Amino acid sequence: MLHLSILLWLPAALGLVALLVPARSARWVGLLGAALALALSIVLVLDFDASGAPFQHVTDTAWISALGVRYQLAITGLNVWLVLLTTVGFTFTAAWIAFSDLGVHERAKHVVLHLGIAQSAVLGALLAQDLILFVAFFDLMLIPFFFLTAQFGNGDRVPATIKMIVYTLVGSLLMLVAAIAVGVLATPSGESVSYNLAEIAQRGVPEGSQGWLFACFAAAFLVKMPAFPIHGWLADGYRAMPLPILAVFSGVLSKIAVYGFLQVAIPLLPQGTADLRWIVLIMAVVSILYASTLAFTTFNARLVLAYSSIAQLGFITLGVLSLRPDAASGSLLQSVNHGVAVFGAFLAVAILSRRAGGSEDLRDFGGAATKAPIFAVFFVIVSYAVLAMPGTANFVGEFLILRGAWEGAAPALAIVASIGVALAAVYALRLFIRSSHNRVAPTLEPREGSRVELALMAVPVLLIVALAVHPQQTVDAADHATSRAVQAAAVSVGPEHVQKIVESDPEVRGIVPPSVFSESDPGRVSAAAGGAGAAGGGATGGAGEPAIDPNTGQPVDPGAVQVDPSTGQPVDPGAVQVDPSTGGEGGTIEINPETGQPVDPSTPNEGAGR
C-alpha cells in the first residue's frame, strides 16, 4: 500500500533540496519532484476501487492529542481525480518554468521552493480527513503564491498581493473559527473533542448553530474561487501573477474551494446548507452572467481567461449546491475539465504575447492560423474545451450540472444559467478568432511555436481528448462519494427533493439511510423525512425512523437497557412503572401517598371522600 505521506511531502522535500544545488539546476530538481508526485498519483488513480471502501490508503496518526487533532489522510471518490489534476498541473508548471526565464532567474531556487510547498499544501488539503488539518493546509497553500506574486510578478505586484492577502485572510479567519466551533459543538457531553470529519458528521452539529457555521465556510470558499461580489482581488492578482504560476493557481487552487463544500460544509452542516443554499445558488448564477459579460468585453487576453474562470466556477458551484449526486459528480468532472483547459489556455496566451512583443492585448494578436498552423490547431481544441463544445467532456459536465439545477433547485435557475453557455461561446471564439484569423498585427512576429512550446501545448490537448473519449471514468469514481456527501443535506431540504433523486438514480437507495423511506411503500420517501428528524437533529424520529436521544443527538437502540436517571440503575422492563405526577391518570398506576406503593384498583379508596 502506498503511504500517502510520501506523495504529500515529496514536492516540498525536493523544493528544499533545490536550495542546495546551483540556481540554474534548481528548476530540474523542482521538475523531478513534481514528476515523481505525478507518477504516484497515477498509481493511486489506477488502484482506486470506486465500489470499495469509502476511505482507501488510510494514514491515521495522533498529531495534537490534547486538542483532539489527528494526522489523517485518505483517498476517496471526491479527491482521487483532483489529486491527479493537482500533480498534472504542478508538473506542467514546473516544466514550463524550466524552459522559461523564471527557470534561469537568479532566485530560481525560491521559485522552486515555493512551488514545492504549494503543491504539498494543496495535496494536504485534498487528502486531509481531519478538519483542523484541512484548514491548516488550506491556508498554507495560499502563502507561497503571495511570495511568488510579490517577488516575481508584473506591474503593481505588491498592491495586488496585499489585496489578495486581505481578501483571503478574512475568509481564512472565518473558516478557522467555524472549524473549531464545529468540533466543539458536535462533541457530546463527557466525550473527547474530535475533528475527524466522518465522526463529526455522525455526531451531528446542533441545528441552531449550523446556519452561521455554514455561512463562515461558504464565505471562505467563495472568496477563494472567487465568486461575485467577493472577487475584488481577482483582476489585480491575475494581472500581476507570472503566467506559469497563474496557470496552476487558476487551474488547481480554485477547485479546492469546490472540494471544501463537498468534503466539509455540506456533509457536516446539512441543515445549514439546506437553509442557506439559495443564497449561494443565486451568487453562482450571477457570477456566470456577470463574469461572462466581462470576458467578452475586455481586450486583455489574461483577463478573458480570468473572468471565464469565475463563470465556470459559477457552474461548478451551481451543481454542488443543487444537492444531487449526479450534479455534484458533474461538478467534479467539470473541475478536472476546466483545470486541464486552463493550463493550455494560459500557455497559448504566453506564446501569443511573446510573439507580440510582450503585449497581452487581443488587438495586437492575429494571423496564427496561417503563420503557426500547428499552434492554431492546438489552440482551437483548447478553445472548444473552454466553451464546452459538444463532444468534449466539458459539455458532459455542464449538462449534468444544468440537469441537476433543473431538478434539484429550480428550472428557472437552470434556464438563466444556460445563458452562460452561449456567452462562453462568444468569449472563447472571440479569443481564438482575434489571435488566429485577424490580420497580422505590425508588432507581431509571425512564426510557428518552438518544439518546447508545442510539446507543452500538446499535454493539455491530449488530456482534453482523453477526457472527451471517456469522461465516465471520472464520474464513476465520484458517484458513491458525492451521494454520501449530499444525502444528509438533501434529506434536510425535504422528501420531494430526495424522491426525485431516488427516481432518477435507484442506486442511491443504497446510500440514503433506510429511515428516510416509507415503511408501507419502500419505494417512496416518507413524508416525515425532511426537517430535523431526518437530518438527525430531532428529538424523536418520524414514521419509520429511530427515536433520537435529545441529550446525545444519536439514535436510540431499541434493544438497549433503559436506565433510571434518578438512580443510575438499569430499569427492569417487567417492573411496574410508577408515575407520581399523574396519580394514575392516562392508564398509569395510582400510588398511595403514605406508603408509596401501588394501590390495588380492586380495593376501595378510603381517602376518596376526604
Side-chain angles (χ1 to χ4, degrees), residues 1-9 37 40-65 68-87 120-138 179 182-183 186 192-205 255-256 258-270 320 325 328-329 331-332 335-336 473-489 507-508 510-513 536:
M1 178 183 292
L2 174 62
H3 201 291
L4 292 181
S5 292
I6 299 175
L7 170 64
L8 172 58
W9 297 111
L40 293 177
S41 67
I42 292 174
V43 172
L44 290 173
V45 170
L46 294 176
D47 186 59
F48 182 74
D49 182 4
S51 59
F55 304 98
Q56 300 177 24
H57 297 276
V58 177
T59 298
D60 187 0
T61 307
W63 183 27
I64 311 176
S65 302
V69 181
R70 300 187 65 82
Y71 177 75
Q72 295 175 317
L73 310 174
I75 287 291
T76 69
L78 294 179
N79 65 24
V80 61
W81 279 91
L82 292 178
V83 167
L84 180 60
L85 174 69
T86 299
T87 54
S120 289
V122 173
L123 289 171
L126 290 172
L127 297 172
Q129 302 303 314
D130 182 280
L131 183 54
I132 299 300
L133 190 64
F134 170 83
V135 172
F137 280 124
F138 187 90
V182 163
S192 301
V193 176
S194 173
Y195 289 97
N196 176 267
L197 294 172
E199 190 169 351
I200 293 174
Q202 183 180 13
R203 288 176 171 182
V205 178
K255 311 307 182 297
I256 309 304
V258 177
Y259 172 76
F261 273 112
L262 286 171
Q263 174 75 346
V264 177
I266 294 176
L268 301 191
L269 307 166
V320 170
S329 297
S331 292
L332 286 177
S335 296
V336 176
Q473 188 75 20
T474 305
V475 176
D476 286 343
D479 217 9
H480 290 296
T482 53
S483 296
R484 284 187 290 267
V486 305
Q487 63 94 357
E507 293 185 2
V508 174
I511 306 295
V512 177

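Since the structure is predicted, the reported quantities are computational estimates derived from the model, not experimental observations. Throughout, numbering of the chain's residues begins at 1 and tracks the sequence. Hydrogens, waters and symmetry mates are skipped; everything else that's a heavy atom, side chains included, is used.
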Any donor-acceptor N/O pair, Tyr259 side chain to Leu126 backbone, under 3.5 Å: yes
For Asp47, salt bridge (Lys or Arg N to Asp or Glu O under 4.0 Å) partners two or more places apart: none
Atom pair CG/CG of Asn79 and Leu84 - distance to nearest 0.5 Å: 11.5 Å
Residue of the set Leu127, Asn196, Leu73 for which side-chain contact (heavy atoms from CB on, under 4.5 Å) holds with Leu133: Leu73
Value rounded to 0.5 Å, distance of CG in Asp130 from CZ in Phe137: 10.5 Å
Pro267 side chain reached by Leu197 side chain, heavy atoms, under 4.5 Å: no
Qualifying salt bridge (charged side-chain N to carboxylate O under 4.0 Å, His left out) pairs, either residue in residues 52-64, two or more places apart: Asp60-Arg70
For Trp63, all residues meeting side-chain hydrogen bond (donor to acceptor under 3.5 Å, both in side chains), sequence neighbours excluded: none
Criterion side chain to side chain contact (heavy atoms under 4.5 Å, CB included) on Trp81 and Leu332, from CA distance to verdict: CA-CA 8 Å; Trp81 279 91; Leu332 286 177; over 6 Å; no
Residues that Ser120 engages under side-chain hydrogen bond (donor to acceptor under 3.5 Å, both in side chains), provided they are two or more places apart: none
Which residues share a side-chain contact (heavy atoms from CB on, under 4.5 Å) with Ala179, sequence neighbours left out: Leu131, Ile132, Val135, Phe217
For Ser194 against Glu199, the heavy-atom pair lying closest together: OG-OE1, 3.0 Å
For the student: nearest non-hydrogen atoms of Leu78 and Ala485, plus distance: CD1-CB, 4.4 Å
Rounded distance [0.5 Å steps], CZ in Arg484 versus CG in Leu262: 12.5 Å
Results of side-chain hydrogen bond (donor to acceptor under 3.5 Å, both in side chains) for Ser329 - residues two or more places apart only: Thr482
Close side-chain approach of Leu44 to Leu4, heavy-atom, < 4.5 Å: yes
Non-neighbouring partners of Ala37 that pass side-chain contact (heavy atoms from CB on, under 4.5 Å), sequence neighbours left out: Leu7, Pro11, Thr87, Gln119
Contacts of type ring pair (Phe, Tyr, Trp, His ring centres under 6.0 Å), residue Tyr195, not counting sequence neighbours: none
NE2 on His480 to OG1 on Thr76, rounded to 0.5 Å: 13.5 Å
Ala136: partners by side-chain contact (heavy atoms from CB on, under 4.5 Å), with sequence neighbours left out: none
Between NZ on residue Lys255 and CG on residue Leu85, distance to nearest 0.5 Å: 7.0 Å
Those residues that, when tested against Ala489, pass side-chain contact (heavy atoms from CB on, under 4.5 Å) (two or more places apart): Ile266, Pro270, Thr273, Leu323
CA sep, side-chain torsions, deciding dist, call: Val83, Val80, side chain to side chain contact (heavy atoms under 4.5 Å, CB included): CA-CA 5 Å; Val83 167; Val80 61; 5.9 Å; no
Nearest atoms (heavy-atom pairs only) where Val258 meets Ser335: CG1-OG, 4.2 Å
Listed partners of Ser51 passing side-chain hydrogen bond (donor to acceptor under 3.5 Å, both in side chains), at least two apart: Asp49
